[in-house]
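Below is one structure; the comments refer to it alone.
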Amino acid sequence: MGLVVEAVELRGVALPLRRPFRASYGTETARRSLLIRVITADGDGWGECVALSEPLYSPEYVDGATAVIRDHLLPRLWSAGAITAGGVAPALAAVRGHPMAKSAVEMAVLDAELQRSGRSLASHLGADRTLVPAGVSVGMAPVAQLLDAVAGYVDAGYRRVKLKIGPGSDIEPVRAVRERFGNELLLQVDANGAYRLTDADSLAALDDWGLLMIEQPLAEDDLLGHAELARRLRTPICLDESITSARAAATAITLGACRVVNIKPGRVGGYLEAQRVHDVCVESGVAAWCGGMLETGIGRAANLALAALPGFTLPGDVSPPDDYLAEDLTPPLVLNEGCLTVPSGPGIGVPILADVVQRFTTSVELVRAPERRVGAGA
Ligand code: OSB
Ligand code: MG
């Protein structure tokens, strides 16, 4: 039976980062984020929109996503009437793009639905593990600082390290980390689309350093370029930005553009589409791992549920948020021998700390569903 959503709260929060996070697309110093709370007669559900404050990683950004949800998605949610989580994406499909905004709405409805039935997101998605290995994504930094950061992560027990790279900052940090930590460290790099195919020779120099993969070396829409680059490198190519749906994943794999897929629910429009991307990877024998967007504990808890599916064969960017956030919106997710416990409570499975949420709130807007006519049915 569908849920009747009575109102949706759009809540902007701004959480200080412990240190700036620098990638080829830009630098974040605080994590502005948008929380969605759906209010139903059967209880609430929470979602987190992973768009960044500026449209630098993808075209979406926090304020834009807030407007799209308020002005274009919620009216369609109201028109759909009583709704199931599976019905959210079809109800919103007329709106082009905006996967992160759509994902946040679907996540909140899914959370409410699972809370009502007492089922965890992990079991709903098909998780077959209770522990997942954690990798960590390390922002760009001068080499001495980078080595200190990696040393801390290795000591803390992280199962793999990902370095952010870009033209002019690639071989040097990779060599420095390999020389200091040896070949046993599982190491990979992420370029966020900063290279061109004409950089193939300089990227081939990374082949000597035993990297697990290079993530998104070329532009999002350059699948043929990635396929060509794959023929010139020994290092496997992983795609992040290019994988916008299960169909896009199937196309990229068929073209030989990637041997590994980073699956991020926000980037593909929701956890249910992420599950379908996972299925495409399993069917095609391609390795997958769960990406991250510097989420709060809310989004990160949901990512842990996804990361526990059987096709996630590599450690994901699922480091505990207290690594990068000065304070988190949920009780700490803890690293234990390099692994995190998959939340098993109903819905996203972790409590939300209302007082902390309140303290970091920058805006709140309550959008009510229009009055239903008496006797009009659900
Ligand atoms: O490209 O994977 C990325 C963070 C924000 C935006 C894009 C990316 C990242 C990361 C993951 O590298 C960081 C994390 O959430 O652990
Ligand atoms: Mg990436």
Side-chain angles (χ1 to χ4, degrees), residues 15 17-33 48-62 65 99-100 103 132-141 146 149-150 153 156 158-166 170 173 187-195 211-220 226 236-244 252 258 260-268 274 277 288-304 306-307 314-325 328 333 335 340:
L15 299 156
L17 289 176
R18 288 191 186 277
R19 67 197 85 81
F21 186 78
R22 189 151 80 86
S24 58
Y25 56 78
T27 305
E28 300 276 321
T29 52
R31 186 63 169 105
R32 283 188 61 212
S33 185
E48 176 174 348
C49 179
V50 299
L52 302 180
S53 55
E54 291 194 276
L56 304 179
Y57 161 79
S58 77
E60 292 182 274
Y61 63 105
V62 181
M100 294 175 179
S103 174
V132 294
V136 60
S137 174
V138 190
M140 290 173 164
L146 188 68
V150 173
Y153 292 126
Y158 283 92
R159 298 295 179 93
R160 69 99 171 111
V161 167
K162 163 171 137 181
L163 305 179
K164 290 290 196 178
I165 62 162
D170 41 32
L187 185 64
Q188 64 193 60
V189 293
D190 184 2
N192 289 107
Y195 294 90
L211 300 175
L212 276 174
M213 69 192 80
I214 175 168
E215 181 178 343
Q216 198 71 41
L218 309 178
E220 173 182 334
H226 281 102
I237 290 177
C238 167
L239 291 177
D240 171 358
E241 285 89 329
S242 298
I243 307 298
T244 52
C258 63
V260 184
V261 173
N262 166 334
I263 304 181
K264 286 181 185 171
R267 198 195 57 226
V268 302
V277 178
W289 54 279
C290 181
M293 289 292 293
L294 302 173
E295 293 89 353
T296 74
I298 300 172
R300 214 63 153 186
N303 287 352
L304 287 174
L306 182 69
L314 293 164
D317 282 340
V318 292
S319 55
D322 62 8
D323 171 57
Y324 48 87
L325 298 179
D328 196 7
L333 299 167
L335 194 66
L340 288 134

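Ligands are counted one by one from 1 in listed order, and the atoms in each one are counted from 1 as well.
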Numbering as shown, the atoms of ligand 1 that approach Asp317 to under 4.0 Å (heavy-atom distance): 11 (C), 16 (O)

Quick check on contacts: which atoms of ligand 1 are under 4.0 angstrom from a heavy atom of Tyr57? 1 (O), 7 (C)

Can you tell if the side chain of Glu295 reaches within under 4.5 Å of the side chain of Leu325, non-hydrogen atoms only? no

Among protein heavy atoms, which lies nearest atom 16 (O) of ligand 1, and at what distance? Arg300 NH2, 2.8 Å

Under 4.0 Å from ligand 1, counting heavy atoms only, is it the side chain of Val136, its backbone, both or neither? neither

Any side-chain donor paired with an acceptor under 3.5 Å for Ser242 and Gln216? yes

Are side-chain heavy atoms of Asp240 and Tyr57 found at a separation under 4.5 Å? yes

To the closest 0.5 Å, what do you measure between CH2 (Trp289) and CE (Met213)? 6.0 Å

Against heavy atoms of Gly292, which atoms of ligand 1 measure under 4.0 Å? 4 (C), 8 (C), 9 (C), 10 (C), 11 (C), 14 (C), 15 (O)

Any idea which N/O/S atom from Glu215 gets closest to the Mg ion (ligand 2)? OE2

Options Arg31, Gln216, Lys264, ranked by nearest heavy atom to atom 7 (C) of ligand 1, top entry: Lys264

Shortest non-hydrogen contact between Lys264 and Gly292, atoms and distance: CE-O, 3.3 Å

Answer with side chain, backbone, both or neither: which part of Glu28 has a heavy atom less than 4.0 angstrom from an atom of ligand 1? neither

Are the side chains of Leu52 and Met293 in contact, using a 4.5 Å heavy-atom criterion? yes

Side-chain heavy-atom pair Met100, Ser58 within 4.5 angstrom cut-off: yes

Under 3.5 Å between any N/O of Leu52 and any N/O of ligand 1: does that happen in this structure? no

If we only count heavy atoms from C-beta on, is the Phe21 to Thr27 side-chain gap below 4.5 Å? no

Close N or O approach (Asn262, ligand 1; < 3.5 Å): no

Under 4.0 Å between heavy atoms, the region of Glu215 that gets near ligand 1 turns out to be side chain

Of Tyr25, Phe21, Tyr324, the one whose closest heavy atom lies nearest atom 6 (C) of ligand 1 is Tyr25

Honestly, for Arg267 the part within reach of ligand 1 (heavy atoms, under 4.0 Å) is neither

Which atom of Asp190 is nearest the Mg ion (ligand 2), counting N, O or S only? It is OD2

Side chain to side chain, Leu335 and Ser319, heavy atoms closer than 4.5 Å: no

Salt bridge or not between Asp317 and Arg300? Use side-chain N to carboxylate O under 4.0 Å. no

The atom name of the N, O or S atom in Asp240 nearest to the Mg ion (ligand 2) is OD2

Region of Asp240 engaging ligand 1 - heavy atom pairs below 4.0 Å: side chain

Ser137 heavy atoms within 4.0 Å reach ligand 1 at atoms 10 (C), 11 (C), 12 (O), 13 (C)

Please tell me if the side chains of Ser103 and Val50 come closer than 4.5 Å, counting only heavy atoms from C-beta onward. no

Go through ligand 1 atom by atom and flag the ones less than 4.0 Å from a non-hydrogen atom of Asn192. 1 (O), 3 (C)

When you measure from the heavy atoms of Lys164 to every atom of ligand 1, does any distance fall below 4.0 Å? yes

Less than 4.5 Å apart, any side-chain heavy atom of Asn192 and any of Lys164? yes

